[in-house]
Structure formats: C-alpha cells, structure tokens
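Each chain gets a letter, A, B and so on, in the order the sequences are listed, and its residues count up from 1.
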Amino acid sequence: GAGVSQSPSNKVTEKGKDVELRCDPISGHTALYWYRQSLGQGLEFLIYFQGNSAPDKSGLPSDRFSAERTGGSVSTLTIQRTQQEDSAVYLCASSLGGQSTYEQYFGPGTRLTVT
Amino acid sequence: DQQVKQNSPSLSVQEGRISILNCDYTNSMFDYFLWYKKYPAEGPTFLISISSIKDKNEDGRFTVFLNKSAKHLSLHIVPSQPGDSAVYFCAAANDYKLSFGAGTTVTVRA
C-alpha cells in the first residue's frame with residue numbers, strides 16, 4: 001500500500017519568505033507527527049496530531065512555525081519569514097495511534113534550504 | 001537537552017561479523033525503545049523495538065538489549081550484510097513522543 005508521502009522533496013527559498021510543506025499520511029492512521037532533522041542532529045519533535053484532539057505543539061521552535069491537519073488526513077507545516085537556521089530536513093510520520101503509536105512510518109522528508 | 005545519545009557517529013564492520021550499536025538515555029520515564037534504519041534520501045524505517053519490562057528482543061539477525069539500571073540499550077546485527085549499511089537511530093518513547101539519538105552510520109565492508 002501507499003506509504004507516507006511528502007511534497008516538495010526539495011525546497012530552496014530566500015530568507016524572509018514563507019514556505020508550506022505537505023504531508024499525506026497512510027490512510028487510516030490517526031496519529032501524525034512532524035519532525036526536523038538538522039545536519040548532524042537527531043530527529044527533533046515539532047508537533048503531534050491525534051484524531052480530533054488538540055495538537056501537541058510543544059516542539060515548535062518559534063511562533064513562525066504552525067501546522068494544520070485537515071479532515072484528519074493531510075497536514076501542512078508552514079514556516080513564516082524563514083531564517084537560515086530553519087534549513088533542515090522536515091520529516092512527517094504517521095501511526096495507527098493507541099498502543100501502536102510508537103511504531104511510526106516516515107515519509108521521505110522535505111529538504112529545506114534557506115539562502 | 002539530549003535525552004537520547006548515540007556516542008558513536010560511525011561504525012565500520014566487515015561483512016559476516018557482528019555490528020554492535022549503542023545508545024544511552026537519561027529520562028527514566030521512557031517505557032519503550034525503538035531502532036530505526038535510514039537510507040539516504042529516504043525516511044527512517046522501523047527496525048525493532050523493546051518494552052521497558054523486557055531486557056532482550058530478537059528478530060532474525062537483529063537483537064536489542066535493554067539495561068534499565070544503566071539506562072543503556074544496544075542493537076546487535078549478526079551477521080552483518082552489505083545491505084545493512086545505513087544510518088541507525090535509537091529512539092525512546094514517553095507516552096506518544098519519541099526522542100531520537102543523532103544516529104550511527106554503519107558501513108559494512110565486503
């Protein structure tokens with residue numbers, strides 16, 4: 001079956017511009033996560049959606065970052081007024097939720113470069 | 001604050017030999033541990049996991065060991081194969097959140 005997909009795969013933007021990153025989770029997965037991986041670092045948790053519950057936004061690094069999940073499926077991560085330190089690979093993951101929440105399925109990521 | 005640490009950024013091993021990857025954590029609230037494998041330009045894929053109530057879990061060539069008193073886990077791959085060359089991430093779970101280590105790049109030499 002189809003896995004988690006993300007678009008675009010690469011994005012180069014100028015400092016100060018806004019960007020939108022998209023994630024299509026696996027059908028039927030109620031939990032969706034966004035992570036960021038900077039060069040030489042592990043995956044950094046950004047935000048978590050579970051069903052219709054309020055999202056856990058505790059990992060968002062600043063108020064320039066926001067995310068939505070429409071209809072319990074597709075999610076968009078928006079970064080406003082991008083800065084060079086936002087350059088990273090942004091990974092989306094989904095899981096069945098409940099006791100299977102830990103086993104997350106990742107998309108290929110979006111590599112964001114801010115010039 | 002890195003709660004999960006992989007202190008070896010890289011590991012080189014000969015084909016057929018054992019690969020041992022190590023991971024240390026600091027948060028005693030973690031109750032589930034996972035290893036993920038990542039190839040270039042792909043997302044991480046789940047490899048093997050272990051609950052905090054166990055000390056060993058085996059799946060084919062992969063075995064994960066957990067030492068709770070030392071807050072340490074390890075992944076053993078035996079025998080190592082060329083297709084095992086990848087980046088391996090250790091992850092620890094508290095509720096629904098995973099904390100990841102920085103990864104260890106494994107290179108299996110023919």
Around A/Glu68, counting heavy atoms of other residues, nucleotides and ligands shown, do more than 12 lie under 6.0 Å from its CD? no

Toward chain B, the part of A/Gln37 with a non-hydrogen atom under 4.5 Å: side chain

For B/Tyr36, is it the side chain, the backbone, both, or neither that has a heavy atom closer than 4.5 Å to a heavy atom of chain A? side chain

Note, A/Tyr105 side chain near B/Phe46 side chain (heavy atom, < 4.5 Å): no

Give a yes or no on whether A/Phe49 and A/Leu43 share a hydrophobic cluster (residues Ile, Leu, Val, Met, Phe, Trp, Tyr; joining criterion: side-chain heavy atoms under 4.5 Å apart). no

Hey, which residues of residues 54-67 of chain A are touching chain B, say heavy atoms under 4.5 Å apart? A/Asp56, A/Ser58

Side-chain heavy atoms nearer than 4.5 Å, only ILVMFWY residues, links allowed to pass through others: does that put A/Leu21 and A/Val114 together? yes

Does any part of the side chain of A/Phe106, heavy atoms only, come nearer than 4.5 Å to the side chain of B/Thr45, both counted from C-beta? no

Any chain of hydrophobic side-chain contacts (each under 4.5 Å) joining A/Leu77 to A/Val4? no

Note: B/Tyr96 and A/Gln104 closest approach over all heavy atoms is O-NE2, 4.0 Å

Do A/Leu91 and B/Pro44 come close enough that some side-chain heavy atom pair is under 4.5 Å? yes

What residue, out of B/Cys90, B/Ala93, B/Pro9, has the most heavy-atom pairs lying under 4.5 Å from chain A? B/Ala93

Are more than 12 heavy atoms, taken from residues, nucleotides or ligands other than B/Arg17, located less than 6.0 Å from that residue's CZ atom? no

Treating Ile, Leu, Val, Met, Phe, Trp and Tyr as nodes and any side-chain heavy-atom pair under 4.5 angstrom as an edge, say whether B/Leu21 and B/Ile48 lie in one connected cluster. yes

Hydrophobic cluster membership, B/Phe33 vs B/Tyr88, 4.5 Å side-chain cutoff: yes

Does the side chain of A/Glu44 come within less than 4.5 Å of B/Phe100's, by heavy atoms? no

Heavy-atom contacts under 4.5 Å, residues 80-90 of chain A to chain B: none

Side chains of A/Tyr35 and B/Leu98: does their closest heavy-atom pair fall under 4.5 Å? yes

Kindly give the heavy-atom pair with the smallest separation between B/Ala41 and A/Pro108, and that separation in Å. O-CB, 4.1 Å

